[in-house]
Amino acid sequence: MTAYLLERAWVGDRFLDDVLVEVEDGRFTSVTPDSDPPRAIPVRGLVVPGLANTHSHAFHRALRGRTQRERGTFWTWRDQMYAVAARLDPDTYLALARATYREMAAAGITCVGEFHYVHHRPDGSTYADPNEMGDVLVEAARQAGIRITLLDTLYLSSGFGVPPEGAQLRYSDGSLGAWADRVDAMGDALDAAPHAVTGMAVHSVRAVPAAELPAVAARLEGRPFHVHLSEQVAENTACLEAYGVTPARLLADNGLLGPTSSLVHATHLTDDDIGLIGGAGAHASFCPTTERDLGDGIGPSRRLHDAGARLTLGSDSHAVIDLFEEMRAVELDERLATQQRGHWTAAELLTAATTAGHGSLGWDDAGAIAVGRRADLVVVDPASPRTAGAGRDEGAVVFAASAEDVQRVMVDGRWVVQEGERYDIGLELEAAVARTWGEDH
C-alpha cells in the first residue's frame with residue numbers, strides 16, 4: 001500500500017484540500033479529505049482523475065500539419081487519410097501508435113477508445129494472424145502505459161451499395177461472419193491483457209448494409225458499441241435516399257441505440273434524432289478539434305444532454321491531442337452557434353472527460369478518485385502562464401489549462417508520465433511520422 005497526500009483534488013463533484021489517498025493493487029483503498037498524515041507522499045498541484053479519450057484513429061496522427069495546408073472538404077481530406085492508411089504495416093503502425101499514445105498519456109489521458117479498421121494487408125488479404133494490426137495497437141498502449149478499448153470496426157462498403165476500393169480493401173473482412181469470427185478471436189486473446197478490453201463498431205451506416213445491422217446488435221452482449229453518426233450532411237442525404245430514414249433512426253430501428261452505444265460526432269441531427277438518442281441514454285462522443293478542422297459543423301451537445309444523452313470527448317484525427325481543449329471547445333462552440341454564453345458548467349465538462357468517458361469505453365471502475373476505483377491521477381500545474389491567477393478549481397482546469405500543464409500522470413497506481421518527458425516524446429513522434437511517410441529522418 002502507498003499513501004499520497006493530494007494538495008487539491010477533484011473528489012465527487014468538487015475540489016477538496018489535502019486529500020489522503022491510499023493505493024493498493026492499482027486501486028484506491030481509501031480517500032480522506034482534510035488529512036495531515038506524517039508519511040504520505042505529497043502530490044502538489046490540481047489533481048483530477050484520468051481522462052478518457054473516447055475516439056481515436058491512431059494513424060491519423062501522421063496527418064497533423066499536412067492536411068491543413070490547402071483548401072478542400074472532408075472528402076478531399078479523406079483521400080489524404082487513405083494515403084496514410086495504405087502505407088501502414090505492423091512495424092510502422094506499432095511505432096506510430098506507441099508515440100501517439102505516449103503523447104496522449106502526457107496530456108493526462110489514461111484510457112483510449114481506438115476505432116480500429118485497418119485490419120488487413122494493402123490488397124485486402126489477411127495477415128498470418130488476422131488480428132495482427134489490432135494486436136499492434138494493444139501492445140502500443142501497453143508500452144505507453146495507458147488502457148485501451150479496441151473498437152474493432154465492421155466495414156463492408158465504401159458507400160451505400162458501393163464495394164470497398166483502394167485503401168478501403170484493408171478495412172473490409174468481406175462479410176459480417178468473417179468480421180465476427182475475427183472479433184471473437186481478438187476477444188479471447190485480450191482476456192489475458194489487463195489493460196485492454198474489446199468493443200465493437202460499425203464504421204458508419206454507409207459502410208454496413210442495413211440488413212446486417214440486426215446481427216451486429218445481437219452480438220453486442222453489453223460490450224461498448226461505437227459508430228460514426230451524421231458527421232456530414234451528405235451522409236444524411238444518402239441515407240435518406242437509400243433507406244428513407246436518418247442514420248439515427250436506422251440504428252434505432254435495428255437495435256443499435258442503447259446505453260452502451262456511443263455516437264461519434266452526432267453533428268447534423270433532426271429533432272427526432274435527438275429524442276431517439278436521448279431516450280436511449282446513449283453516449284454522444286464529440287470531437288470538437290477535429291470537427292472544426294474538417295469543417296464538419298457544430299453538433300447540438302446541450303440539446304442531446306438535456307434529452308438524456310451522455311457527453312464524452314475524443315481527439316479523433318489528432319489534429320490536437322488535448323482533452324482540456326476538447327472540454328472547453330464544447331462550450332465555446334455552443335456560444336458560436338447560439339450567440340449566447342453559459343451552456344455547460346466546468347463540472348459537467350470534467351465529468352464528460354472522466355467518469356462518462358471511461359464508462360462509454362467499458363471501464364466503469366475508472367474516472368473518479370473514489371474507493372474501489374482504478375488509481376488514475378493527473379497532476380495539473382496551477383501556476384503555469386496559462387493557469388496562473390485562474391483559481392484553483394474546475395474552472396481553471398477546464399477553461400485555462402492545456403495538455404502542456406500536465407506534470408505527472410498515474411495509471412492503475414503506477415506513474416507513467418513524469419515531468420520533463422515531453423522532449424523525448426516529441427523526438428519519438430518525429431521519427432515515427434517520418435517513417436510512416438517513408439521520409440528521411
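One-based numbering along the sequence shown.
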Looking only at side-chain N and O atoms, does [Y] offer a donor or acceptor that is under 3.5 Å from a partner on [X]?
X: Asp405; Y: Thr387; answer: no
X: Asn236; Y: Ser230; answer: yes
X: Ser315; Y: Glu326; answer: no
X: His268; Y: Asp296; answer: no
X: Thr290; Y: Asp293; answer: no

Heavy-atom closest contact ([X] atom, [Y] atom, distance):
X: Ile425; Y: Ala99; answer: CG2-O, 4.4 Å
X: Phe324; Y: Val397; answer: CD2-O, 3.4 Å
X: Thr92; Y: Thr436; answer: O-OG1, 4.4 Å
X: Pro247; Y: Cys239; answer: N-SG, 3.7 Å
X: Arg44; Y: Gln407; answer: O-OE1, 4.3 Å

Mind checking side-chain hydrogen bond (donor to acceptor under 3.5 Å, both in side chains) for Thr267 and listing every partner two or more places apart, or none if nothing turns up? none
Holding to side-chain hydrogen bond (donor to acceptor under 3.5 Å, both in side chains), I want the full list of residues that pass it with Ser285, two or more places apart in sequence or in another chain. Thr54
Quick one: which residue pairs count as a salt bridge (Lys or Arg N to Asp or Glu O under 4.0 Å) with a foot in residues 145-167, not counting sequence neighbours? Arg147-Asp376, Arg147-Asp412, Asp152-Arg182
Assign the ring pair His60 / Tyr117 to parallel, tilted or perpendicular, where the plane angle (0 to 90°) is split at 30° and 60°. perpendicular
Under the ring-ring contact (aromatic ring centres under 6.0 Å, His included) test, residues paired with His228 that sit two or more places apart: His55, His57, Phe115, His203, His265
Partners passing ring-ring contact (aromatic ring centres under 6.0 Å, His included) against Trp10 (at least two apart in sequence or in another chain): Phe15
Is the closest basic N to carboxylate O distance between [X] and [Y] below 4.0 Å?
X: Arg8; Y: Asp17; answer: yes
X: Glu428; Y: Arg102; answer: yes
X: Asp271; Y: Arg303; answer: yes

Apply side chain to side chain contact (heavy atoms under 4.5 Å, CB included) to [X] and list each qualifying residue two or more places apart in sequence or on a separate chain.
X: Glu334; answer: Ser301, Arg302, Thr338, His343, Trp344
X: Ala238; answer: Phe160
X: Ser262; answer: His226, His283, Ser360
X: Ala390; answer: Ala396, Ala400

Within residues 349-377 or reaching into it, pairs that qualify as ring pair (Phe, Tyr, Trp, His ring centres under 6.0 Å) - sequence neighbours excluded: none
Around atom CD of Gln339, are there more than 12 heavy atoms of other residues, nucleotides or ligands at under 6.0 Å? no
Is it true that, when you exclude Arg335 itself, more than 12 heavy atoms of the residues, nucleotides or ligands shown sit nearer than 6.0 Å to its CZ? yes
Quick note, side chain to side chain donor-acceptor pair (under 3.5 Å) partners involving residues 214-224, not counting sequence neighbours, are Asp184-Arg219
Quick one: list whatever passes salt bridge (charged side-chain N to carboxylate O under 4.0 Å, His left out) with Arg328, sequence neighbours left out. Glu325
